[in-house]
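This structure is a prediction, so every number in the text was calculated from the model and none was measured. In what follows, chains are A, B, ... by sequence order, proteins preceding strands, each numbered from 1.
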Protein chains: 2
Amino acid sequence: MKKDKHAVLSILRDKILSGALKQGDRLVEIPTAEMLGVSRTPVRIAFRALEQEGLLTQLPRRGYQVREITNDEIAGSVEVRGVLEGLAARQIVEKGLAGEVIAELKQCLSDGDALFSDRSFNEEKVQTYVEMNRKFHDVLVKGSQNNAIAMALQINEHMPMASVSSLVFNPDESDREYERLYYAHQQHHDIVQAIEAGQGARAESLMKEHAQAAMNRYEQLSKGTTSRTIRSE
Amino acid sequence: MKKDKHAVLSILRDKILSGALKQGDRLVEIPTAEMLGVSRTPVRIAFRALEQEGLLTQLPRRGYQVREITNDEIAGSVEVRGVLEGLAARQIVEKGLAGEVIAELKQCLSDGDALFSDRSFNEEKVQTYVEMNRKFHDVLVKGSQNNAIAMALQINEHMPMASVSSLVFNPDESDREYERLYYAHQQHHDIVQAIEAGQGARAESLMKEHAQAAMNRYEQLSKGTTSRTIRSE
DNA sequence: AATATTGAAATTGGATCCAATTGATCAAAA
DNA sequence: TTTTGATCAATTGGATCCAATTTCAATATT
């Protein structure tokens with residue numbers, strides 16, 4: 001089994017994002033290398049990259065540490081995602097390239113519609129939703145033809161809780177959760193409609209609002225019920 | 001002379017941004033290491049980081065290459081900077097923390113005013129202006145108390161021509177250049193005024209416009225006169 | 001008992017070594 | 001002459017080694 005060049009980086013990032021490595025945990029080169037069955041070199045490179053991504057901080061001579069991410073930081077991160085994805089939506093319209101992406105976006109919409117056709121909502125459906133959601137945002141960002149947006153988002157997407165690929169779901173309130181995701185999906189509809197109609201500014205502000213919605217949800221949560229985080233990729 | 005841990009990274013980045021390494025130039029570990037008088041290890045780490053920053057691309061088994069940055073990419077990057085700095089301006093107002101940063105911003109304003117007190121404009125003054133400008137944007141971003149903005153901008157700031165710390169100046173048209181920078185400085189005044197007045201949305205759009213102004217300039221340019229790029233830090 | 005000192009352990013950073021892969025070159029065969 | 005095959009050089013990725021620095025603890029000294 002030939003490991004990919006970035007395997008160590010991915011594995012470590014995953015462990016952090018999934019919570020296997022908790023905030024505040026210390027991470028040292030040699031033990032980490034042994035744990036993963038590789039040498040120190042790839043671990044070192046990965047640590048540096050994760051530091052750059054803001055997931056680790058270096059304690060001088062005491063290894064690295066999984067950074068504490070405050071709620072404020074998550075909120076800030078969501079704002080950033082909002083303006084960047086908003087820009088993407090606007091630029092799709094402004095560049096007049098909407099036609100080429102609309103089809104893909106509409107595919108996402110109908111995939112979503114299918115999910116909401118009956119009110120039942122289990123974990124599997126949520127997983128599908130998360131993937132569709134991710135696809136939607138992906139198409140939008142790529143469709144903007146502005147690579148700087150993707151680059152700027154990249155770091156953001158590695159922020160726990162703030163990325164499009166992770167979503168908090170509380171199975172005990174599946175009814176309310178249904179409502180919430182349904183609402184988010186309606187926003188997708190509105191956004192596509194705005195893009196199609198050439199309403200760049202409207203698409204932009206809808207998109208910002210859409211990012212914000214996830215945040216409201218998160219704030220309302222935070223008092224640790226039995227919710228689960230579901231991620232894609 | 002003890003080299004900093006990130007010395008190699010900084011040196012290479014600088015060579016790229018300053019044009020000492022041109023777009024399309026190939027970069028290989030061993031010769032680069034020899035050139036800098038270090039071993040391959042720090043060079044490898046630097047290459048990875050520069051790849052992540054979008055300044056290098058890896059050609060499989062053929063080393064790395066300084067990426068070609070198209071005008072479109074620069075334009076996109078400027079747009080991104082606009083929305084992010086716009087967000088920063090708005091959040092300063094929204095968070096009600098304006099008081100603490102206003103003083104610093106005003107310092108920048110009066111430093112700038114001094115520069116424009118007579119119409120003479122030499123290269124030294126431009127250098128001072130670039131530093132003041134950088135400070136202004138820095139204060140604004142830090143003042144927003146939203147670290148995600150700084151993180152997202154970070155990559156952007158390593159993009160040649162698109163960052164706040166680099167500015168193109170044509171000494172042959174120092175009169176027109178004076179006008180341009182004076183106008184940009186007036187925009188700074190307006191932005192501070194908006195922040196002070198608690199006009200978040202206005203501050204945001206002024207800031208976006210301000211980023212855009214630099215771009216207009218760049219497009220108008222591009223037909224290679226004898227202009228110089230002046231950078232800070 | 002408190003403090004200074006010394007030395008070992010931990011830890012990182014850089015250098016060098018080795019292996020694997022692939023592109024290039026050159027020669028041989030069709 | 002063109003194509004194919006084989007060998008070699010280039011290049012990266014990972015492993016290990018060595019040096020420098022800092023913390024920590026234990027011991028000696030006052």
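- Put simply, B:S39 has a side-chain N or O that comes within less than 4.0 Å of OP1 or OP2 on C:dA15.
- Considering only residues two or more places apart in sequence or on other chains, A:R48 meets the salt bridge (charged side-chain N to carboxylate O under 4.0 Å, His left out) condition with none of them.
- Listed by chain and residue number, B:R90 satisfy the salt bridge (charged side-chain N to carboxylate O under 4.0 Å, His left out) test with B:E94 (two or more places apart in sequence, or in another chain).
- Counting only residues at least two apart or on different chains, no ring pair (Phe, Tyr, Trp, His ring centres under 6.0 Å) pair has a member in residues 148-168 of chain B.
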Just the atom pairs and distances: protein N or O near nucleotides 8-12 of chain D's N or O, under 3.5 Å.
residue : atom : partner : partner atom : Å
D:dT11  : OP1  : B:R26   : NH2          : 3.2
D:dT11  : O2   : B:R61   : NH1          : 3.3
D:dT12  : OP2  : B:E29   : N            : 3.4

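- Here the C1' atom of nucleotide D:dA15 and the CG atom of A:L36 are 15 Å apart, to the nearest Å.
- Among residues two or more places apart in sequence or in another chain, the salt bridge (charged side-chain N to carboxylate O under 4.0 Å, His left out) test is passed with A:K208 by B:E204.
- Summarising the geometry, the separation between CG on B:L9 and P on C:dG13 is reported as 14 Å, rounded to the nearest angstrom.
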Donor-acceptor contacts, no H, no angles, side chain residues 138-152 of chain A, under 3.5 Å, sequence neighbours left out:
residue : atom : partner : partner atom : Å
A:D138  : OD2  : A:K142  : NZ           : 3.1
A:S144  : OG   : A:V141  : O            : 2.7
A:S144  : OG   : A:N146  : N            : 3.2
A:N146  : OD1  : A:A148  : N            : 3.0
A:N146  : ND2  : A:Q91   : OE1          : 2.8
A:N146  : ND2  : B:G76   : O            : 3.1

